[in-house]
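From a predicted model like this one, the values you see are computed outputs, not experimental measurements. Throughout, protein chains are lettered first and strands after them, A, B, ... in sequence-line order, and every chain is numbered starting at 1.
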There are 2 protein chains.
Amino acid sequence: MDVRTICLGILTRGEATGYEIKKLFEEGGYQHFIEASFGSIYPALNRLTEEGLVSVREEAQEKRPDRKVYSITLPGRAGFLAALMKPLPEDRHRSPFAFAMLFSQLLPPSRVSAMLDDHVRRNRVLLEQVSRQDAERLVPGERFVMGLGEAMMTAALTYIEAHRTEIENPESEAAE
Amino acid sequence: MDVRTICLGILTRGEATGYEIKKLFEEGGYQHFIEASFGSIYPALNRLTEEGLVSVREEAQEKRPDRKVYSITLPGRAGFLAALMKPLPEDRHRSPFAFAMLFSQLLPPSRVSAMLDDHVRRNRVLLEQVSRQDAERLVPGERFVMGLGEAMMTAALTYIEAHRTEIENPESEAAE
DNA sequence: GTTTGCATGTAAACGGTTACATGATTGG
DNA sequence: CCAATCATGTAACCGTTTACATGCAAAC
């Protein structure tokens with residue numbers, strides 16, 4: 001799912017600036033599944049404007065930099081819907097953490113523990129950000145996605161806590 | 001985690017051809033966390049060879065194309081370890097599926113159901129591939145990672161089955 | 001007879017990240 | 001005083017994907 005489509009989707013919820021879109025990626029509770037950087041958002045928004053899928057309104061502000069507020073247009077809505085109607089790209093979960101764990105026996109146990117701690121910490125932060133969202137305010141789709149993220153991260157944390165000793169201690173023999 | 005490092009890691013387990021490395025990504029039980037295409041594997045292997053991190057042995061075969069069997073060298077092992085000792089890139093879970101679900105109320109219910117079915121099916125295939133691995137043969141790190149993948153995918157499937165009706169039926173009112 | 005498996009590679013295109021540039025204001 | 005927040009943007013770089021090229025053998 002490219003940044004253009006993502007921006008379009010966010011704008012179906014209401015107008016926003018590039019800056020606000022980025023914020024949403026950081027604090028909206030979607031962090032687990034989507035993200036984008038300024039370097040991709042701003043060009044995407046400009047291109048969408050050229051193509052007439054969004055419109056801009058420039059707002060001068062005092063004591064704050066000027067902002068460009070983007071709104072989705074009718075062709076934009078149609079284009080977004082069309083994008084969701086064709087086959088979605090596959091999900092991809094790229095995990096340097098999991099990759100590294102594959103080789104735990106080559107690493108000093110302290111390094112393995114540090115990686116586990118780090119991963120657990122990160123996951124907990126994400127989980128908190130999800131649970132901080134006010135469920136009342138969300139549409140069913142959002143509730144569903146956040147619940148899914150919560151379920152997956154909770155499962156990961158539970159699993160890690162239950163099994164980390166198996167790779168932290170260079171076990172000699174397992175009694176099976 | 002770039003393809004170079006991934007190839008290096010795989011080769012710590014024993015020699016392999018580019019083709020076999022790709023296979024491993026498809027059937028090794030890591031699918032959930034790592035993948036790479038031929039277009040990135042072959043150039044990576046060539047570069048690693050130039051840099052002396054791996055060595056090649058060319059094998060002529062009858063009735064099969066010739067193959068290049070790669071082995072990791074001592075500098076290669078050192079380089080790999082060094083890569084795992086420095087801070088890992090963050091995990092990223094990019095999910096066009098989750099993104100689309102955010103907008104379920106804009107879509108025809110049949111489309112939402114189809115997306116859910118599709119996602120469930122894909123997850124089940126992945127899960128099967130993981131459980132097909134012979135745990136006896138795996139090192140602890142591998143068992144850990146596959147168990148983690150299993151836990152996360154199972155949690156996702158369970159969640160989806162329990163909550164899909166909430167976005168499949170355009171609920172009028174929720175009784176909270 | 002067509003698809004699948006084996007096997008390696010290249011080139012172009014793509015999408016995205018990172019770093020840089022600018023600059024005022026507010027909070028710690 | 002320094003860091004963070006608000007706010008937009010560009011350019012270089014990077015790694016990867018996609019499509020293409022080649023070709024035989026076995027299985028269906």
Legend entry - Whole-Å distance separating the CZ atom of A:R67 from the P atom of D:dT8: 7 Å
Inset, instruction - Scan A:K23 against the nucleic acid and name what it touches under 4.0 Å (heavy atoms): base, sugar-phosphate only, or nothing. - result: sugar-phosphate
Inset, instruction - Could you check how far NZ of A:K68 sits from P of D:dT8, rounded to whole Å? - result: 8 Å
Legend entry - Derivation of the side chain to side chain contact (heavy atoms under 4.5 Å, CB included) call for A:F25 and A:I41: CA-CA 11 Å; A:F25 287 142; A:I41 292 171; 3.9 Å; yes
Inset, instruction - Using the test ring pair (Phe, Tyr, Trp, His ring centres under 6.0 Å), find all partners of A:Y30 that sit at least two apart in sequence or belong to another chain. - result: none
Inset, instruction - Would you kindly give the CD-to-P distance between A:E62 and D:dA7, to the nearest whole Å? - result: 14 Å
Legend entry - Euclidean distance, atom CG of residue A:L24 to atom P of D:dA7 [Å, nearest integer]: 14 Å
Inset, instruction - Kindly calculate the angle separating the two end axes of the helix from C:dG1-D:dC28 to C:dG28-D:dC1, each obtained from five base pairs, and round it to 10 degrees. - result: 50°
Inset, instruction - Verify the contact: side-chain N or O of A:Q61 to OP1 or OP2 of D:dC6, cut-off strictly under 4.0 Å; return yes or no. - result: no
Inset, instruction - Find the distance A:E26:CD to D:dA4:P and express it as a whole number of Å. - result: 13 Å
Inset, instruction - Can you tell me the distance, in whole Å, between the OH atom of A:Y19 and the C1' atom of C:dG23? - result: 13 Å
Inset, instruction - Quick one: list whatever passes ring pair (Phe, Tyr, Trp, His ring centres under 6.0 Å) with B:Y70, sequence neighbours left out. - result: none
Inset, instruction - Measure the distance from CD on B:E15 to P on C:dA7 and round it to the nearest whole Å. - result: 13 Å
Legend entry - Pair A:D117 + A:R121: basic N to acidic O under 4.0 Å: no
Inset, instruction - Could you point out which residue of A:S110, A:S113, A:S104 forms a side-chain hydrogen bond (donor to acceptor under 3.5 Å, both in side chains) with A:E168? - result: A:S113
Inset, instruction - In whole angstrom, give the distance that lies between atom CG of B:D66 and atom P of D:dA25. - result: 13 Å
Inset, instruction - State yes or no: are the ring centers of B:F97 and B:H119 separated by less than 6.0 Å? - result: yes
Legend entry - Salt-bridge contact A:R124-A:E128 (side-chain N to carboxylate O under 4.0 Å): no
Inset, instruction - Return the set of residues passing ring pair (Phe, Tyr, Trp, His ring centres under 6.0 Å) with B:Y19 (not counting sequence neighbours), or none when no residue passes. - result: B:F38
Inset, instruction - Between protein and nucleotides 15-23 of chain D, map the contacts as a letter string: B base, S sugar-phosphate only, - none, heavy atoms under 4.0 Å, written 5' to 3'. - result: -SBB----B
Inset, instruction - Name all pairs fulfilling the side chain to side chain donor-acceptor pair (under 3.5 Å) condition that reach into residues 38-47 of chain B, sequence neighbours left out, sorted by first residue then second. - result: B:R47-B:E51
